[in-house]
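Please read the structure below before turning to the comments.
Numbers restart at 1 for each chain; the letters A, B, ... are given by sequence-line order, proteins then strands. Computed from a predicted structure; not experimentally measured.
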Protein chains: 2
Amino acid sequence: MGKRRVGGSAARLAAVPAPRLVLASRSPQRRAILEQVGVAFDVVVPDVEELTAGDPERVVVENALRKARAVGAPLTLGCDTEVVGDGRVYGKPADADEAERFLRELSGRAHTVVSGLALVEDGRERTAVCATTVAFRDLDEPTLRWYLDSGEWRERAGGYAIQGRGAALVRAIDGDYLNVVGLPLATLLELKPSLPLSHP
Amino acid sequence: MGKRRVGGSAARLAAVPAPRLVLASRSPQRRAILEQVGVAFDVVVPDVEELTAGDPERVVVENALRKARAVGAPLTLGCDTEVVGDGRVYGKPADADEAERFLRELSGRAHTVVSGLALVEDGRERTAVCATTVAFRDLDEPTLRWYLDSGEWRERAGGYAIQGRGAALVRAIDGDYLNVVGLPLATLLELKPSLPLSHP
């Protein structure tokens, strides 16, 4: 108690360094987004059982919370993303055939990328959802072949990566672009406006 | 005439290699976008007088045409982009003070990025316009300071780069993301569907 009093002015308390952000994700895309704007962070990959069925908005928030809780650092960010088109969820294609089926179904139409964020700070949990609409071009056979041959569809929900060659598949988006890449940055900055941005 | 006949079947004519694309622009962002999807191209920087006043859609198409015509390769792409908010055009800020004024004006509101494309192929001219709406977050003072200190606003129309730290300024977009970066790829692929995408 005495220790607390020593140097316990409001000004000094405010100067205590904020805990460093821990990203509870193995995704290189999510790391790259935080690095792009100079957010300092560490990565701890959580080991959790994820929900795989149910309302997408509920699923992504629940999974983001599970990831953040499993890591349990003083300031932990969990994130989960689903690609939803016409009521069905597009996960990571198992093989080239499934990737082709996904891309044919997404061609010439709009789908939605839904992310859940969970920020757990000293036991206090805040969550948010971000949805971005992605309209695909009408994919002709050469474009489809080219993209499948690239192999870029591997390990990508929906079978494409908008920040890579997948850019050639997309006509337009409505919402946060970085949400489609993997982490809705603007939503994170709303959830935690004091998150320090730096110049690495 | 005899030469034309020799090997002049439709199949052989179709196999004649298409001319390589020449990009009439010094912009590293435009190059990076073509590279992202494996379009092979050369760069020739045109020396033209650009329109600076007038209706933005007319201005960007006219400037794109002037650039492409000035280069005059068998297949030339010209591009010009303007950032337009509330009826005024935001060019490249002259200094940090102007960059700050731009960002304060764009803060918490939506503006439009308008690009004109001109594809000149063996004298045949095709043009297109692409517009993307960009909604900025409400920028607080620390964010504004951080961005101005980054120096990233230099040489950027509107004073920001969405593909860099400027991502932290943007809430959402409506339209083609790559148009905001510098080249509306989907519009280019509509203009020239046969443009070969490769795997570099």
Side-chain angles (χ1 to χ4, degrees), chain A residues 32-39 110 130-152 160-181 183-190 193-200, chain B residues 32-39 130-152 160-181 183-190 192-200:
Chain A
I33 289 167
L34 293 177
E35 285 162 2
Q36 182 179 333
V37 297
V39 171
C130 178
T132 305
T133 304
V134 180
F136 260 38
R137 298 171 56 229
D138 280 315
L139 305 181
D140 58 16
E141 289 302 315
T143 303
L144 202 60
R145 280 295 126 219
W146 164 79
Y147 195 71
L148 290 167
D149 288 351
S150 78
E152 191 181 80
Y160 72 97
I162 195 171
Q163 76 280 14
R165 290 178 200 159
L169 313 180
V170 174
R171 189 171 56 73
I173 73 164
D174 189 1
D176 184 346
Y177 170 79
L178 293 180
N179 180 36
V180 187
V181 179
L183 182 77
L185 178 67
T187 305
L188 172 62
L189 295 174
E190 271 173 40
S194 64
L195 195 69
L197 309 174
S198 70
H199 299 297
Chain B
I33 289 167
L34 293 177
E35 285 162 2
Q36 182 178 332
V37 297
V39 172
C130 178
T132 304
T133 304
V134 180
F136 259 38
R137 299 171 54 230
D138 280 316
L139 305 182
D140 58 16
E141 290 300 316
T143 303
L144 202 59
R145 280 294 126 219
W146 163 79
Y147 194 71
L148 290 168
D149 287 349
S150 77
E152 192 181 80
Y160 72 98
I162 196 171
Q163 76 280 13
R165 291 179 198 159
L169 313 180
V170 174
R171 189 170 57 73
I173 73 164
D174 188 1
D176 185 347
Y177 170 79
L178 293 180
N179 179 36
V180 187
V181 180
L183 182 76
L185 178 67
T187 305
L188 172 62
L189 296 175
E190 271 173 41
K192 179 78 179 165
S194 65
L195 195 69
L197 309 174
S198 70
H199 300 295

Look at B:Ile33, B:Asp174, B:Asp138, B:Thr187 and state which one has the largest set of heavy-atom pairs under 4.5 Å with chain A.
B:Asp174

By a 4.5 Å heavy-atom criterion (distance strictly below it), what part of [X] contacts chain B: side chain, backbone, both, or neither?
X        : value
A:Glu152 : neither
A:Leu189 : both
A:Val170 : backbone
A:Leu169 : neither
A:Leu197 : both
A:Asn179 : neither

With chain B as the partner, which of A:Gly164, A:Ala186, A:Gly175 has the greatest number of non-hydrogen pairs under 4.5 Å?
A:Gly175

Heavy-atom pairs under 4.5 Å with chain B: which of A:Ser194, A:Ala172, A:Pro193 has the most?
A:Ala172

Test side-chain contact (heavy atoms from CB on, under 4.5 Å) applied to A:Ile173 and B:Ile173, B:Asp176, B:Thr132, the passing residue
B:Ile173

Which heavy atom of A:Val37 sits nearest to which heavy atom of B:Ala167, and what is that distance?
CG1-CB, 4.4 Å

Backbone of B:Arg165 reached by a side-chain donor or acceptor of A:Gln36 within 3.5 Å
no

Quick check on B:Leu188 against chain A: is it the side chain, the backbone, both or neither that has a heavy atom closer than 4.5 Å?
neither

